[in-house]
Amino acid sequence: MRKRYGDNLWDLLRILAAGAWSILVGLYITGINLIRPGVCERYPRRDHRPDYQPRPGYRGDFALLSDPERPGGLRCIACLQCQNICPDQCIHITPEGKGKDRHPVQFRIDTGLCQFCWLCVEVCPVAAITMTPDYETATDQPQKLIRDLDTLRERGRNIPEPQRVEPVGCVADGGA
Amino acid sequence: MLSFIANWLRDLLTAWFQAWHVPLVFVDILAWIVGGVAILILVMVVALVFIYLERKISGYIQSRLGPERVGPWGIFQTAMDALKLLQKEDIVPAGADKILHTLGPIAFFVVGLLGYLVIPWEEGGTIARMVDAHVGVLYVLAFGSLSVIGILMGGWGSNNKWSLLGALRGAAQMISYEVPMLLAVVCVVLLAGSLSLSTIVDQQKTLGLLSWNLWRPWLWLPVILYLIAATAEVNRTPFDLPEAESELVAGYHTEYSGMKFAFFFLAEYGNFFLVGLIFSVLFLGGWSSPFGYPDPLRIPGVIWLLGKATVTVFFLMWVRWTLPRLRVDQLMSLCWKVLLPVGFLSLLIAGTAALYV
Amino acid sequence: MTWDPTCVTEELVVNMGPQHPSTHGVLRLILRLDGERVLEVRPDIGFLHSSLEKIAERLDYRQYLPYTDRYDYLCAMANELAYVRAVESLLGVEPTPRCQWIRVMMAEMNRIASHLVYYGALGMDTGATTVFLYCFRERERILQLFEDASGQRLLYHYFRIGGLRNDLPPGFCEGLRSFLDEFPRRVAEYDALLTRNRIFRSRTEGVGYLSPEAALSYGVTGPTLRGSGVSYDLRRAAPYYVYPELEFDVPTRPEGDVMARHLVRQEEMLQSVHLLHQCLDRLPPGEINVKVPRKLKPDPGEIYVRIESPRGELGVYLISDGSEKPYRLHWRAPSFHNLQAYPEMCQGAYVADLVAILGSLDIILGDVDR
Amino acid sequence: MSEGQEQQIASVSSPEPLSAELQEIAGDLTTGGCVRAGRPELLTTPENLLPLLNRLHELPEPYSRLTDLCGVDWGDRVQVVYALCRGYGAEMVLVKVDLPRAQAEVPTVTGLWQLAFWPEREVAEMFGVTFVGHPNCEHLLLPEGFVGYPLLKDYEYDRSNPLLSPDPLREDPDAVLGGPPSEDETGAS
């Protein structure tokens with residue numbers, strides 16, 4: 001199956017000429033790209049570009065939205081739906097109170113386990129939990145990956161409107 | 001300019017040594033040491049600069065940015081990388097031949113440096129002048145082919161199968177491509193009638209750009225031949241088989257880290273630049289100005305030489321980031337079945353030209 | 001060539017991987033070499049085994065969906081499509097027309113993105129590093145569109161059982177159209193830079209031959225099978241969603257070598273562009289979601305769903321016992337079966353060919369090991 | 001419209017009787033069979049497996065292509081499922097073999113299709129099925145020396161198994177991290 005070079009002189013010359021031409025074409029293409037402006041941009045590190053926003057809808061770090069009227073200052077009613085649906089079981093909520101006063105006293109999300117699947121945001125009946133566009137979550141210490149109630153509350157304070165997409169099929173009513 | 005400084009230094013030293021009644025032979029020894037150190041520094045700087053350039057150029061070719069974090073436009077990136085390599089632990093794999101493992105990069109590096117001794121930096125500015133006057137071309141080729149020993153030492157001494165494969169590939173490749181490279185250079189030697197690099201440059205200096213060997217049609221085949229063979233000699237894509245990273249991890253320097261790896265890396269770029277230098281000397285008029293002799297712009301010859309070598313190196317970098325790699329059997333058949341006959345053919349053409357043109 | 005009987009050569013047994021630059025993940029190949037010649041290749045897999053099938057038995061239908069992204073991470077949309085289609089079939093739910101069109105669109109975009117990675121990686125394997133970055137440049141535009149739509153760039157979790165996470169965002173269609181207009185020109189550029197390059201051709205032509213009979217016996221599917229001259233594409237053979245209404249070719253090449261598989265994938269990217277143009281032209285308005293119960297409890301039963309993923313036939317065998325969790329979920333992973341044919345292709349190859357052949361198989365170790 | 005799309009929407013839980021063609025050629029070798037969502041399923045015994053597969057192979061339009069092989073644990077029995085396709089088409093039949101848990105043995109089909117080598121090894125290590133005649137049935141995905149059959153329903157995750165190194169952070173985060181994180185340790189906003 002293998003091509004054998006040099007079986008006959010004319011073939012060899014033809015192959016050499018075609019090969020040289022293909023190499024020149026390749027050089028032309030890379031040359032053009034050398035002159036063309038690059039498409040990469042510098043990684044938007046927070047300390048370099050604090051105003052950089054990822055594309056809209058990006059699923060980043062978590063936040064709990066605030067509601068000053070409610071106990072704990074949060075919208076969250078500690079219904080544990082997010083904790084239950086989380087495929088990675090990375091949400092741990094300690095609820096307190098009954099009925100309308102029910103609120104979380106601890107709300108821990110281990111973002112090291114989280115796969116940012118958005119199911120918890122989708123399932124929340126009061127749109128209390130959301131994902132911010134914050135993309136710089138890398139750290140060298142695993143305990144820094146755990147978000148607790150205060151961190152989440154602090155983040156949520158800066159978000160005026162819940163970042164939510166339109167309702168989706170799987171949270172429609174009906175069924176058991 | 002260089003020879004002016006050198007002569008001035010030499011006169012100064014001679015005067016001092018005479019004043020202090022030191023035998024004058026020490027002046028020569030000192031001059032050799034200074035020359036050697038200068039070359040060492042030059043190679044270091046050149047390697048750093050060209051590693052940076054390579055990264056930047058490859059970045060631009062690939063629509064990227066290249067290094068740009070350390071310093072403005074990232075110019076300190078390679079220096080920082082070198083520092084990082086200095087700090088790194090020197091790991092010798094278990095079962096490795098420690099002596100060979102250590103000697104490999106050193107041999108590779110030293111041999112890479114030696115070629116610089118006979119480069120005519122400017123008119124009369126060669127460090128090993130006597131060597132160059134007689135056998136400069138031979139010397140360069142001889143030491144160029146010695147670098148295979150460093151590769152073999154490193155590859156064998158690492159006690160790693162990938163390294164061994166890489167080293168054997170390297171040996172086969174560098175010895176094979178020595179032949180077409182030699183044939184290409186012999187064509188130039190035939191026309192110049194001298195084995196001295198300085199004479200070859202002298203022959204191309206009179207009309208500046210126009211008298212370059214590059215423009216002589218009977219030397220076009222050697223030009224292509226030399227570029228191909230020299231790329232293979234310095235193991236760069238499309239001939240980077242000894243270190244083919246997608247096949248052999250990193251080839252003969254798989255097991256190297258820290259300073260030893262840095263030696264391999266620096267020497268590789270040192271060799272690479274040497275190829276550029278020799279190409280400029282052989283075909284691009286070396287230190288001579290492209291605008292005629294003497295230089296109407298009064299730019300020192302060494303600048304012209306470095307500039308021409310840089311252009312050559314840039315071209316080879318461009319080629320590197322364009323082409324895929326050959327396979328080992330294709331590499332050999334290219335050498336022995338294509339380049340060697342072409343080399344003889346070009347020798348015939350150049351010989352005829354030397355007789356009748 | 002004369003053979004010196006006193007010269008004794010030794011066979012070399014080399015471990016290629018699990019950490020090796022071009023095994024495309026954590027694949028270990030045990031090689032027996034005679035110099036540069038390969039005598040035997042034995043793939044050793046399982047380094048990325050993540051018990052995906054067992055995880056499914058512990059999660060409910062909805063929770064498992066994000067995991068499907070993780071298993072063949074270069075074509076997450078195709079995995080989601082297969083899984084969602086299986087669950088919807090179990091539930092007896094049919095997605096709305098718009099949803100079907102969007103799903104097909106996403107799957108085709110993901111096919112382009114996946115093939116681009118393949119294309120660049122094959123260039124990388126043969127030593128041409130630049131085309132890899134060019135491919136990633138184009139792939140980036142698809143990923144940005146995915147990010148706009150789903151919020152993530154690689155592991156989308158965009159499909160939902162009964163619909164989609166959200167409708168297409170504003171500007172999506174325009175962005176896709178401008179990409180589609182430009183992309184064929186880029187493919188021509190790659191073609192000139194890599195495919196027509198003499199060195200690349202000599203590295204790939206006649207290398208890694210797989211006969212159609214062997215391909216069928218090994219269960220090789222996808223572009224690898226079509227590179228052996230068998231025109232088998234599930235989008236044609238068992239069309240799903242809106243594929244029957246779409247017009248496209250199934251490119252095949254008879255040569256069965258690395259170059260044939262390469263050309264098939266190159267042509268497939270252009271066919272996907274063609275498909276996407278049709279999708280954009282005919283995308284119907286309307287709802288994207290159908291109502292499904294909050295607790296998904298399909299009746300006991302089973303379903304075997306197959307789709308054409310960029311790597312080949314992707315099958316989901318899903319058994320329900322009437323509870324909230326799948327009773328058994330089995331993935332028919334295309335890379336798993338394609339990789340099995342690898343030793344067959346490597347007969348008489350050089351070390352350098354191994355890498356090119358592996359690249360042309362386009363395996364994803366997450367897909368092989370599951 | 002061909003087999004793939006069509007009847008999957010039709011209920012998968014209500015099987016229909018087999019077609020006459022399949023009933024005729026496979027009837028005596030099967031212990032049961034039905035058509036579910038347009039896809040025939042044949043249930044057979046280990047002894048009858050190879051004859052049945054051969055017979056399917058000898059049809060005028062043969063089911064000659066094995067595309068998939070997997071196992072299912074039904075609690076009391078283990079089932080090996082062979083998915084066969086017809087020619088170059090996509091028409092598919094599932095052949096299922098029921099094996100007792102205690103002695104799960106089935107003849108290998110590696111002699112018929114090269115495809116079966118790896119999937120059979122996978123089923124063997126995941127379900128404890130012995131494929132009689134398989135040339136090399138060692139562990140494929142799991143590490144060597146692995147004990148247990150993970151895809152069986154009663155498989156217990158063995159924490160003492162050194163081959164299964166659990167993630168300590170996940171097992172007991174407080175022990176690793178030293179209690180709940182304090183204010184300044186949690187991620188910066």
Side-chain angles (χ1 to χ4, degrees), chain C residues 43-49 51 53-54 57 85-86 88-94 214 216-221 230-232 234 236-241 243-244 298-307 313 315 317-320 322 327-328 330-332 336-337 339-341 344 368-370, chain D residues 1-15 36-37 39 41 64-75 79 81 83 85-92 94 96 112-119 122-123 125-126 136 139-144 146 150-153 155 157:
Chain C
D44 180 14
I45 60 172
F47 293 92
L48 206 61
H49 180 56
S51 306
E53 295 176 2
K54 190 72 178 175
E57 296 172 15
R85 209 173 135 229
E88 281 170 0
S89 305
L90 271 183
L91 288 167
V93 169
E94 191 177 357
L216 288 170
S217 178
Y218 275 111
V220 167
T221 45
V230 181
S231 173
Y232 175 68
L234 279 168
R236 265 289 152 69
Y240 44 95
Y241 288 153
Y243 280 113
D299 298 332
E302 59 177 66
I303 189 78
Y304 193 108
V305 163
R306 294 172 296 163
I307 65 155
E313 179 177 329
Y317 183 45
L318 187 59
I319 302 178
S320 156
Y327 184 76
R328 168 92 171 100
H330 168 74
W331 288 98
R332 190 237 187 248
F336 180 66
H337 297 288
L339 182 62
Q340 228 190 141
E344 170 103 8
V368 173
D369 294 342
R370 287 153 293 146
Chain D
M1 215 178 284
S2 64
E3 176 260 356
Q5 188 169 33
E6 57 327 5
Q7 294 168 39
Q8 282 173 11
I9 302 305
S11 172
V12 292
S13 53
S14 56
R36 205 195 296 266
R39 175 173 294 129
E41 291 173 12
S64 56
R65 212 155 54 80
L66 183 70
T67 66
D68 199 3
L69 197 164
C70 70
V72 184
D73 177 26
W74 287 106
Q79 201 172 51
V81 182
C85 275
R86 197 164 228 187
Y88 291 172
E91 206 177 321
M92 187 186 242
L94 296 181
K96 301 177 171 181
L112 299 170
W113 296 283
Q114 306 266 28
L115 171 127
F117 279 94
W118 281 5
E122 190 188 344
V123 172
E125 68 181 349
M126 295 290 181
N136 167 27
H139 280 306
L140 178 71
L141 296 172
L142 300 174
E144 277 169 44
F146 188 92
L151 276 178
L152 292 181
K153 285 284 171 184
Y155 173 76
Y157 176 56

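It should be emphasised that the depicted structure is a prediction, and the values quoted were computed from it without experimental measurement. Here is how names work: the chains are called A, B, and so on, in the same order as the sequence lines, proteins then strands, and each is numbered from 1. The figures here come from the full heavy-atom set of this structure, side chains too, leaving out hydrogens, waters and symmetry mates.
Heavy-atom pairs under 4.5 Å with chain D peak, among C:Val368, C:Leu339, C:Val220, at C:Leu339. Between chain D and the options C:Ser51, C:Ala86, C:Gly315, C:Ser217, heavy-atom pairs under 4.5 Å are most frequent for C:Ser217.
Rounding to the nearest 0.5 angstrom, the gap separating the NE2 atom in D:His139 from the CG atom in C:Asp44 is 12.0 Å. The CE atom of D:Met92 sits 4.0 Å away from atom CZ of C:Arg306, with the distance rounded to the nearest 0.5 Å. A distance of 11.5 Å separates OG1 of D:Thr67 from CG of C:Leu216, quoted to the nearest 0.5 Å.
With a threshold of 4.5 angstrom between heavy atoms, C:Tyr243 does not approach chain D through any atom at all. Residue C:Ile45 touches chain D through both its backbone and its side chain, counting heavy-atom pairs closer than 4.5 Å. The contact between D:Leu94 and chain C is made entirely by side chain atoms (from C-beta outward), counting heavy-atom distances below 4.5 Å.
Using a distance-only test at 3.5 Å, with no hydrogens or angles considered, no donor-acceptor pair links the side chain of C:Glu53 to the main chain of D:Leu151. A donor-acceptor pair is defined here as one N or O able to donate and one able to accept, closer than 3.5 Å; such a pair exists between the side chain of C:Arg328 and the backbone of D:Gly71.
Counting heavy atoms from C-beta outward, D:Trp118 and C:His337 have side chains that stay 4.5 Å or more apart. A heavy-atom distance below 4.5 Å is not found between the side chains of C:His330 and D:Val72. Residues D:Phe117 and C:Tyr218 form no side-chain contact, since every pair of their non-hydrogen atoms from C-beta on lies 4.5 Å or further apart. Annotation: side chain of C:Lys54 is not in contact with side chain of D:Met126 (no heavy-atom distance under 4.5 Å).
The two residues C:Tyr317 and D:Cys70 come nearest to each other via the heavy atoms CD2-SG, 3.5 Å. Of all heavy-atom pairs spanning C:Arg332 and D:Asp68, the tightest one is CB-OD2, 3.3 Å. Minimum heavy-atom separation, D:Leu142 to C:His49: CD2-CD2, 3.9 Å.
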